[in-house]
Structures are given as C-alpha cells and as structure tokens.
Protein chains: 2
Amino acid sequence: MYEGVVQDLIDELGRLPGIGPKSAQRIAFHLLAADPIDVRRLAEVLVQVKEKMRFCEECGNVAEEERCRICRDTRRDLSVICVVEEPKDVVAIERTREFRGRYHVLGGAISPIEGIGPDDLRVRELMQRLADGAVQEVILATDPNLEGEATATYLARMLGPLGLRVTRLASGLPVGGDLEYADEVTLGRAFEGRRLLDA
Amino acid sequence: MYEGVVQDLIDELGRLPGIGPKSAQRIAFHLLAADPIDVRRLAEVLVQVKEKMRFCEECGNVAEEERCRICRDTRRDLSVICVVEEPKDVVAIERTREFRGRYHVLGGAISPIEGIGPDDLRVRELMQRLADGAVQEVILATDPNLEGEATATYLARMLGPLGLRVTRLASGLPVGGDLEYADEVTLGRAFEGRRLLDA
C-alpha cells in the first residue's frame, strides 16, 4: 500500500479497461512526477467528456449535440446506412473517404458467451430509421469475426422483408499483405470473392 | 478524428506511459459510457495527487508530508538504510516485513543508454544522510539487472571509504519456482551463493 492518495489513484487507474496493477502503478508515478498543468488538463478533459459528450440520438455515434456531426451534415447521402459495431468503426471508415452515406452504431455485436443479444444492441432504432422508406441500401460493416458475422446474419434476416439492398463488406487478402501469411479462412474468402478482371 | 473533447481525451490518455492509441481509444469509450460519478472521482484523485503528494525530503519516497510515513516512524531502525531504485520497490520490500530500517530512493538506476548517470539519481542525498555516522549498514537493493548491478557497483565504490557495512540482496532461485525453468545466470548465482545447511 502506498501512502495517501497515490494508492487511491492506482486503484482508480486499475479500474480502467486493459490497465493492470503494474500499469496503474507506472502511470501513477508518471503523473506524480509530471507537470501539474498536464495532469490538471487530463482531469479537466475527463470532466468535460462527461459533461459535453453524449451519443447521437439518430445513429448512436458519439456527439457533442443531439445529433452527431455526420447526421447533421446535409451533404451526406441519405439513401445508404452503414451499420457498425462501435464509434471507432465510424472513424476507421471515414478515414477511407469511400463512404458518403450515414452510419448506425449498434453499440456492440451479438455474443452469447458475453450474454449480449439483439435487445442489447441498437437494432430497434435501426428498424425505426428504415421505416420511412428513404433508405435504399444497408451495408453491414460489423467485424469479420464470429460475433460480427452472427450479428450481420441476424440483421440480414431482420431486414429481408423490407425489400432493400442489404450488403456486407468484402472479405479477402489485406492490401499490401503477403499471401503466404494470410490465414486459411481469409485466403478461402479471397477465393470465394474473386473478381473477373477486364481483358 | 473524433468529435469534440473525445479526441482531446484520447490524445491526453495516449500521452501516458504504456498507453498506445488503441488503448487510449478503448479507455476513452469506457469512460464515455461509465457512471459520471466514477469519472469525476478519477478526475478529483488526479488533481489531489498533484496537490497533496510530494517526495520525502529525507529518503525520496512518495510522501504526504515533508517526510514520508517510514521516515516519520520512530520505531524504525536508524542504523540501516536500504537503497532502492523506485518507490514501488519500497512497497515490495515493506510487504515482506523482513526489513525494519529506513530506505533511500534513488529515482532510477545508472543507464548510459538512456543517458542516466549518478548525477541524475539521489546519490548526493544518500552521502549526506550517511555523514553523521549513525548508519552502520547500507543494503543495496537495486534491481538484479544490468542497470541495477551497475548502480550497486558504483555505490559500493562510493561508500567504500566510509567504512560501513555495504551489502547486496542475494540472487538465486525464486522460492516456489522450478529449477529447470530458471535461466542460467540465476542458476549460476544460486550456486555461487549456496549456503551450508546445519547437520
């Protein structure tokens, strides 16, 4: 046990995801020796994030207002919704500049092991957004793993009766990767999804 | 880039030691979804640690007053000082309940690669503490690695002329460990330091 609030800080840091007791200790001593201005800025930003940030009422992404920056942007294509698991997926897709529609953040993926079912995700909110018929395509961009695939399969079945285009992101070899290092499932998917090249 | 202060929080967290961009992102979203009371407590403890904590004027350990809890404790043996690299080493040794003397925290170890020399450590402060002749033994408990050994060797040479007992913690097999899993250096040390058992 450390003296005074140092132990409190180590305890609080140790509650954060991915930070074990050793990391918590190291960070605490880093902060103890750091410039007080830097530490105060971190503390302020922590308070501000809870005061200012919320989740977009429309898509579930992080937002500083009722609706997020993307949902407020009138230049986005209203006919396409890209369904993702987490806000970080929105950031990753935005970085590609390939997609000009809107998003729908589920807040996770179906995982029987972790006890997460469709009711724990923002599925009902997605169905409500599709009710007026303005959306013509839903791109299922959940992760290409067990949970993400299960979620995509579930959503595809839910969306089937609505008669809109439901697509899934392509699986295949990572660009710039080495074929010999690809795992067999990815390589198998790359074969399945092979494209005809122009002659 | 995330909207608003979320990105600020990710940036601030990413400056902490051992937290990369992915971890910073994960922690930020954990905090975004966490109970505001918990986040506020973390923020408060951060501010408090800078306001309340300092380093002990005598031994360099963390302290809430001018001198740390151990240096203030009149029951400690004043004739022995245990020299360690970091405050976390004090905590580790206190846990053993084997040592009743006081500590001296160097604030690191000699490391030419990282540009840390004796002048960057609290060596002068150690020499000052030994000046009045009350201390009879100095236990060098720096880490049993390259930097720790170099520091112990340096200190042993500095302390030699003072004519006091200078000792080093024993190296050997970890208790409860398996001999076959010990690395060869440790096993070699265990042979060197072998004890005669009572008949």
Side-chain angles (χ1 to χ4, degrees), chain A residues 1-13 15-20 22-56 61-65 68-70 86-88 90-91 94-95 107, chain B residues 1-13 15-20 22-56 61-65 68-70 86-88 90-91 94-95 107:
Chain A
M1 286 290 287
Y2 287 93
E3 196 169 337
V5 278
V6 175
Q7 189 61 47
D8 297 340
L9 178 58
I10 293 171
D11 292 345
E12 291 296 329
L13 291 170
R15 288 201 186 95
L16 301 176
I19 298 192
K22 292 275 172 197
S23 305
Q25 196 170 267
R26 190 171 49 186
I27 295 168
F29 280 103
H30 166 88
L31 293 169
L32 209 57
D35 189 329
I37 294 165
D38 292 340
V39 179
R40 188 165 283 276
R41 198 171 53 224
L42 173 58
E44 269 163 20
V45 123
L46 279 167
V47 171
Q48 278 183 13
V49 106
K50 296 306 286 186
E51 281 171 359
K52 287 193 184 167
M53 300 307 294
R54 48 179 135 179
F55 292 100
C56 173
N61 191 9
V62 284
E64 263 191 326
E65 303 183 21
C68 76
R69 207 161 47 182
I70 294 167
E86 304 287 355
K88 63 174 185 279
V90 173
V91 174
E94 283 296 287
R95 232 182 270 127
Chain B
M1 285 292 286
Y2 287 93
E3 195 167 339
V5 277
V6 175
Q7 189 62 45
D8 297 339
L9 179 58
I10 293 172
D11 292 344
E12 290 296 329
L13 291 170
R15 287 200 187 95
L16 300 176
I19 298 192
K22 293 274 172 196
S23 305
Q25 195 170 268
R26 190 171 48 188
I27 295 169
F29 280 104
H30 165 88
L31 293 170
L32 209 56
D35 189 328
I37 295 165
D38 291 340
V39 179
R40 188 165 283 276
R41 198 171 51 223
L42 172 59
E44 271 163 19
V45 123
L46 278 167
V47 172
Q48 277 183 13
V49 107
K50 295 308 284 185
E51 281 171 357
K52 287 193 185 169
M53 300 307 294
R54 49 179 134 179
F55 294 99
C56 174
N61 190 10
V62 284
E64 264 191 325
E65 302 184 21
C68 76
R69 207 161 47 184
I70 295 168
E86 304 286 355
K88 62 174 186 281
V90 173
V91 174
E94 283 296 287
R95 232 182 269 128

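When reading the values below, keep in mind they use all heavy atoms of this one structure, side chains included, and skip hydrogens, waters and symmetry mates. All chains are named by letter (A, B, ...) in the order of the sequence lines, taking the proteins before the strands, and each is independently numbered beginning at 1.
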Residue [X] versus chain A: region with a heavy atom under 4.5 Å:
X: R15(B); value: both
X: V91(B); value: side chain
X: I19(B); value: side chain

If you tally heavy-atom pairs under 4.5 Å between each of R95(B), R54(B), E64(B), R26(B) and chain A, the highest tally belongs to E64(B)

Please determine, among G107(A), C68(A), S23(A), the option with the most heavy-atom pairs under 4.5 Å with chain B. C68(A)

Please say which of I10(A), D8(A), L9(A) ends up in a side-chain contact (heavy atoms from CB on, under 4.5 Å) with V49(B). L9(A)

Partners meeting side chain to side chain contact (heavy atoms under 4.5 Å, CB included) with E86(A) (sequence neighbours left out): K88(A), D89(A)

Quick one: pull up OH in Y2(A) and CZ in R69(B) and give me the separation to the nearest 0.5 Å. 11.0 Å

Donor-acceptor contacts, no H, no angles, side chain residues 28-48 of chain A, under 3.5 Å, sequence neighbours left out:
unit_1 : atom_1 : unit_2 : atom_2 : d
D35(A) : OD1    : I37(A) : N      : 2.9
D38(A) : OD1    : R41(A) : NH2    : 3.2
R40(A) : NH2    : E51(B) : OE2    : 3.3
R41(A) : NE     : E12(B) : OE2    : 2.8

